[in-house]
S.K.: 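Here it is, the structure in full.
Reminder, nothing fancy here: chain letters follow the sequence lines and each chain counts from 1. Since we're looking at a predicted model, the values are computed, not measured. As a basis for the values below, the full set of heavy atoms in this structure was taken, side chains included, without hydrogen atoms, waters or symmetry mates.
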There are 2 protein chains.
Amino acid sequence: MCGQNHCHHPSPCRCDGRMERFLEPCLLLLLHEGPAHGYELRTRLERFGLAPDRQDPGLVYRTLRRLEEDGFLFSEWETEGGGPARRLYRMTADGEKLLHEWAKVIARNRARLDEFLQAYRARFGGDS
Amino acid sequence: MCGQNHCHHPSPCRCDGRMERFLEPCLLLLLHEGPAHGYELRTRLERFGLAPDRQDPGLVYRTLRRLEEDGFLFSEWETEGGGPARRLYRMTADGEKLLHEWAKVIARNRARLDEFLQAYRARFGGDS
DNA sequence: GCTTATAAGTGAAATTAGCATATATATGTG
DNA sequence: CACATATATATGCTAATTTCACTTATAAGC
């Protein structure tokens, strides 16, 4: 990261694009809206601040396969239509449960970020 | 984590306590309020949802040492007063800059979590 | 003396992310 | 037809980061 050992400079690196584990709940939420394949999901992730050109495709595909392996998704190959075959993912009942768990975790995490930002603004008087 | 390969069940595990890299900005903010040593910071982290009994002390101390190594903090041994010696940390000018960078990153990340939660509630009608 | 609270660490394993690269199909262009 | 490009999925390896399990040491209380 940044070519340095520890990333302390958000500008040239992509620390700001690093939302570890956030990928998983985003994929689950997108898939709850309907079945989709990886490549399409990659474009729809932009909504959550994860633009395709800043993604590691490997991570997206690996996360999807792992979620399937663990029973939260399942997929079928779709060969109809032009281009290479797509793996069409659908959510399982367990996947929806997992999404609900994630929503709680994310709400809690947002509260933490809020706490930080409030304390920060209290000290530095930012009003943005 | 959870004793399983992939943590998917927030209840018995500490996924909800896992805010990767959030420790660093929290420590910086607390240290901006004044010099402090690790053990004390560990108790003050509770404010950000990081209660001492859910922390890995090793991570806290290592993070402080790393921040010092990189010039964002500096420390002196404090032997006065009862108990074992404390390493009293103070923030450097670079440390304060880093804190400001972190504040931007965290504001951005909160926006992402908000986006997720809004989309989630739009689908599931939560109003909490 | 023994236990507990305070205080700061280290070593090694497990997890997670990032980077580079591979593979394959279809489509458009000269 | 050859070649580049867009679509689509994936693997191998490395690096970064976290977690778990310990270790060391001082002082206070019983």
S.K.: What's B:G58 touching, base or sugar-phosphate or nothing? Going by heavy atoms closer than 4.0 Å.
M.R.: base

S.K.: Take the protein atom NE2 of B:H37 and the nucleotide atom P of C:dA5, then report the distance between them rounded to whole Å.
M.R.: 16 Å

S.K.: How about B:W77 and B:H37: do any of their side-chain heavy atoms sit closer than 4.5 Å?
M.R.: no

S.K.: Decide, yes or no, whether a salt bridge links B:R86 with B:E40 under the criterion of side-chain N to carboxylate O below 4.0 Å.
M.R.: no

S.K.: Please walk me through it: do B:K97 and B:F72 pass side-chain contact (heavy atoms from CB on, under 4.5 Å)?
M.R.: CA-CA 9 Å; B:K97 278 185 212 159; B:F72 301 109; over 6 Å; no

S.K.: What is the distance, to the nearest angstrom, from the CG atom on B:D53 to the C1' atom on D:dC20?
M.R.: 16 Å

S.K.: Round to a whole Å and report the spacing from CZ of B:R86 to P of D:dA27.
M.R.: 10 Å

S.K.: Which whole-number value in Å describes the distance from B:D56 CG to C:dG9 C1'?
M.R.: 11 Å

S.K.: Nucleotides 24-29 of chain C: which of its N/O atoms have a protein N/O under 3.5 Å away?
M.R.:
none

S.K.: Closest-nucleotide mapping onto DNA chain C: is B:Y39 or B:R62 further toward the 5' terminus? I mean the 5' end.
M.R.: B:Y39

S.K.: Given atom CG of A:L50 and atom P of C:dG18, what is their separation to the nearest angstrom?
M.R.: 10 Å

S.K.: Let me know the distance between CD of B:E78 and P of C:dA7, rounded to the nearest Å.
M.R.: 10 Å

S.K.: Looking at B:R112 and B:E115, does any basic side-chain N land under 4.0 Å from a carboxylate oxygen?
M.R.: no

S.K.: State which residue, out of B:E76, B:E33, B:E96, fulfils the salt bridge (charged side-chain N to carboxylate O under 4.0 Å, His left out) condition with B:R90.
M.R.: B:E76

S.K.: Could you state the atom-to-atom distance from CZ of A:R42 to P of D:dT7 in whole Å?
M.R.: 10 Å

S.K.: Would you say the side-chain atoms of B:Q55 pair up with the backbone N or O of B:L50, donor to acceptor, closer than 3.5 Å?
M.R.: yes

S.K.: Write down the distance between CZ (A:R65) and C1' (C:dA17), rounded to a whole number of angstrom.
M.R.: 19 Å

